[in-house]
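What follows is a single structure, written as C-alpha cells, with notes after it.
Throughout, protein chains are lettered first and strands after them, A, B, ... in sequence-line order, and every chain is numbered starting at 1.
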There are 2 protein chains.
Amino acid sequence: MTDTTTTWTIAQMADDYDVTHRALRHYEHLGLLAPDREGQRRIYHRRERTRLALILRGRRLGFSLEEIATILDMYDDQPGEVGQLRYLLSQIGDRRADLERRRRDIEDSLRELDELEQRCAEDVARLS
Amino acid sequence: MTDTTTTWTIAQMADDYDVTHRALRHYEHLGLLAPDREGQRRIYHRRERTRLALILRGRRLGFSLEEIATILDMYDDQPGEVGQLRYLLSQIGDRRADLERRRRDIEDSLRELDELEQRCAEDVARLS
DNA sequence: ATCCTGCTTGACGTTGACGCCAAGGTCAAG
DNA sequence: CTTGACCTTGGCGTCAACGTCAAGCAGGAT
C-alpha cells in the first residue's frame, strides 16, 4: 500500500517538510532531487519525499550537501556488478564508522551534560 | 594532579589538535578561546585545551560556532544566583533534547545502513 | 479584460568558517 | 649583524547553503 500515485507541488513539499521553496530548488540544482515537470510546474512524487527526508536528516547530522549526495547515491540503484557492490560495501563501512564516531561524541556530551545538571540541581537545592 | 602549570604555543596547539593556526585565531576572535599573552605571543593553558576539545567535538557534531559559544558559556562559570541556575538548567534541557534527537537520527541511519549492507552482501554472494 | 495566486527562471547578496597572503616584530644560532 | 624560525596583526578571497529580489508565464475568479 505504499502509495505511488499521489503527487505534490513545491508549496506542499515546502510546507510538509518546513523548508523553503528556494532550498528545494537548490537541492534540485545540486542533483539531490529531480522532480518531474507538468508543463513548467515541478511535480514531486513519493521518491522525492523519501529523498528529502534523508537530506534533512543528513543536514541535522551536520553532513554537507555533497556528502548527502553520495549517501543518496548509495541508496539509489543497487548495482548489478560485483566490483560496484564491493565498492558500495566499503562505502557503507566508511559511513558506519563516521556515524559511530558521532554517536560516541553525542554520548560523551550527554554524560557531561548530566554531570553539569546534577551540580546545578544541588546548587539550587542549597540556595533555596 | 590536573596540571595547571604547563603551557603551549599556538604551533603546539595546532599540531596536537590538528587545526590550523588560522582556525585558532578565528576561535579566539569569536571569544571561544582567550589565550594569555607573553609579550605578543599567544600562550595557551590547560583551560584552552579543554575548551578547544569541546569546540572540535561540537564541530564534528555539526554545531555552529555560535552554538558552541553558548555551550562553552554553560560550562564556564557556575552562577551563584538561583535565577541564573534555573536558566542554566533549562538550557541544559534544550541541549539534551537536541542531542537526543541527533542520536535517534544516527541510530535510524545506522539501521538503514545495516539493511543496505545485508542486501549488498546477499547480492555479492549470489553473483560470485 | 484584468487581477490574483502560484509558480517559473535567472542572478546578485549574505553569512559562516575559515584560507591565504602581506608586512612586520622577536629571538636564538651562526 | 644577518639569517631563519616562529610568531603577530590586518585584510581580502572563497566556498557552501541558501536568501532575496526581479521579471514573467498560466490559469481560474471577478
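When the side-chain nitrogen and oxygen atoms of Thr20(A) are compared with OP1 and OP2 of dG19(D), one or more of them lie within a distance under 4.0 Å. Residue Tyr27(A) places at least one side-chain N or O closer than 4.0 Å to OP1 or OP2 of dC18(D).
Closest approach to the His21(B) side chain among dC18(D), dT9(D), dG19(C) is made by dT9(D) (side chain taken as heavy atoms from C-beta onward). Distances from the side chain of His26(B) to the nucleotides dC18(C), dC7(D), dC7(C) place dC18(C) closest. Closest to the side chain of Ala11(A), out of dT9(D), dC7(C), dT9(C), is dC7(C).
Taking 3.5 Å as the limit, the base of dT8(C) and the side chain of Arg42(A) contain no donor-acceptor pair of atoms between them.
Both the sub-6.0 Å distance and the 45° axial angle are not jointly satisfied by Arg57(B) relative to the ring of Phe63(B).
When the P atom of dT8(C) is taken as reference, atom NE2 of His29(A) falls 16 Å away, rounded to whole Å. Rounded to whole Å, atom P of dA5(D) lies 18 Å from atom CD1 of Ile10(B). Put simply, CD on Glu28(A) is 14 Å from P on dC7(C), counting in whole angstrom units. Protein atom CG of Leu24(B) is 11 Å distant from nucleotide atom P of dC7(D), rounded to whole Å. With rounding to whole Å, Arg41(B) atom CZ is found 14 Å from dA5(D) atom P.
Using modelled atom types, one finds no donor on one side chain facing an acceptor on the other under 3.5 Å when comparing Thr9(A) with Arg41(A). For the residue pair Thr6(B) / Arg46(B), no side-chain donor-acceptor distance below 3.5 Å is found, with atom types taken as modelled.
Nucleotides of DNA chain D nearest to Ile43(B) and Arg25(A) differ in position, and the one nearer the 5' end is that of Ile43(B).
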